[in-house]
Amino acid sequence: MVEAQSKQAEPPVAAGTPILTVNNIEVVYDEVILVLRGVSLSVPQGEIVALLGPNGAGKSTTLKAISGLLRTEDGEVTRGNVSFMGEEIANMAPEQIVRRGIFQVMEGRRIVEDMTVIENLRLGAYTRRDGGVRRDLDMVFDFFPRLRERTGLAGYLSGGEQQMLAISRALMARPKMILLDEPSMGLSPLLVKEVFGIIRQLNRELGITILLVEQNARMALQAASYGYIMESGKIVLDGTQAELVDNEDVREFYLGGGGEERRSFKNLKSFKRRKRWL
Ligand code: ATP
């Protein structure tokens, strides 16, 4: 995998410069439901960036606005821009966006349970026209040896294996950037660590840029170099990993009391909009 993707890992833009820029976007569902109210963020080439916030803040909607999957839910970017490698992609068809190098791994994995692992992986390559799919299957299995052993239906995989399959399916599209929506959801603490290890590996070894939506803020901020916090359809806070981890509000509301304790955003009532370091 490392070798095969090294071509795409050669940064088309210099490391550290934005590969994705979301500029002041507004998103509306069903022509009337305004969900995003001027969201801006940027993701540098080769980095992991976290997008955090309570339930219903608009995190998944932001990812769908980038990947084009909004369309499948009657959603639309009605204002602002989404630029990927200098090209405007807002409201472009999802398969066009996959071809340009962005793949979204949706919340809940969305693997096809009554198809085999290999059939699921082939789905990830559906936009490709090159002949390297079989070779990439081998390379995915080298990266995730456990999946090679699972020859049956994907529905029989454990939660952790299903998450690995969902990520592997994204790799089959040879993405430059992966949008990951809640990869740790429903996994045991041990598996959460394993999945975050894989996320780091994808980034480090394959050079894939990652925008990560997570409820597990502690793990997300260990992996990410920069983070954004959303509430009610807006970004209310952003900063480097160190700035966020040091921020009193982030510590209180998002990182919990210490140790490995996981703090659920579901219990949050409010978030103080203070940018202490700005
Ligand atoms: P969660 O962690 O619960 O998924 P989130 O931060 O990802 O939260 P979104 O799923 O983006 O939030 O939802 C933001 C808002 O948009 C919510 O009020 C939600 O009800 C609404 N919403 C999401 N999808 C749709 C849709 N297809 N049609 C109408 N409203 C939607």
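Owing to the predicted nature of the structure, the values given are computational and were not obtained by experimental measurement. Indexing begins at 1, ligand by ligand and atom by atom, following the structure's order. Nothing fancy with the numbering, it's 1 onward along the sequence.
- If you check which protein heavy atom lies closest to atom 12 (O) of ligand 1, you get Gly58 N, 3.1 Å.
- Of the protein's non-hydrogen atoms, the one nearest atom 10 (O) of ligand 1 is Ser60 CB, 3.7 Å.
- Those atoms of ligand 1 with a heavy atom of Gln215 less than 4.0 angstrom away are 2 (O).
- When hydrogens are left out, the protein atom nearest atom 23 (C) of ligand 1 is Tyr29 CE1, 3.6 Å; that is the closest non-hydrogen contact.
- No side-chain heavy atom of Lys64 sits less than 4.5 Å from a side-chain heavy atom of Arg71.
- With ligand atoms numbered from 1 in the order given, ligand 1 contributes 2 (O) to contacts under 4.0 Å with heavy atoms of Glu182.
- Shown here, atom 20 (O) of ligand 1 is out of close reach of the protein: none of its heavy atoms lies under 4.0 Å off.
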Trace of the side chain to side chain donor-acceptor pair (under 3.5 Å) decision for Gln241 with Ser225: CA-CA 5 Å; Gln241 176 199 48; Ser225 56; over 6 Å; no
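- Side chain to side chain, Tyr228 and Thr62 fail the donor-acceptor criterion of an N or O pair below 3.5 Å.
- Distances shorter than 4.0 angstrom do not occur between any heavy atom of Met230 and any atom of ligand 1.
- For the pair Phe141/Arg146, no side-chain contact is recorded, criterion being any heavy-atom separation below 4.5 Å from C-beta on.
- The closest side-chain heavy-atom distance from Pro18 to Gln45 is not below 4.5 Å.
- Contact annotation: for Val35 versus ligand 1, heavy atoms closer than 4.0 Å belong to the side chain alone.
- Regarding atom 4 (O) of ligand 1, its nearest protein heavy-atom neighbour is Glu107 OE1, 3.4 Å.
- When only non-hydrogen protein atoms are considered, atom 11 (O) of ligand 1 lies nearest to Thr61 OG1, 2.5 Å.
- Defined by atom type and a distance below 3.5 Å, a donor-acceptor pair is present between the side-chain atoms of Ser60 and Asp181.
- In terms of protein heavy-atom proximity, atom 1 (P) of ligand 1 is nearest to Asn55 ND2, 3.6 Å.
- Comparing Gly56, Pro54, Gly53 against atom 14 (C) of ligand 1, the shortest heavy-atom distance belongs to Gly56.
- When non-hydrogen atoms are compared, ligand 1 lies under 4.0 Å from neither the backbone nor the side chain of Lys64.
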Candidate pair Ser184 and Gln215, rule side chain to side chain donor-acceptor pair (under 3.5 Å), full reasoning: CA-CA 8 Å; Ser184 79; Gln215 295 254 346; over 6 Å; no
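- The nearest protein heavy atom to atom 26 (C) of ligand 1 is closer than 4.0 Å.
- Between Glu214 and Lys59 the shortest side-chain heavy-atom distance does not fall below 4.5 Å.
- Numbered from 1 in the order shown, with element, the atoms of ligand 1 that lie under 4.0 Å from a heavy atom of Ala57 read 5 (P), 6 (O), 12 (O).
- In the model, Gln96 has a side-chain atom that pairs as donor or acceptor with a side-chain atom of Arg100 under 3.5 Å.
- Side-chain contact check for Glu88 and Ser83: no donor-acceptor pair (N or O, by modelled atom type) lies under 3.5 Å.
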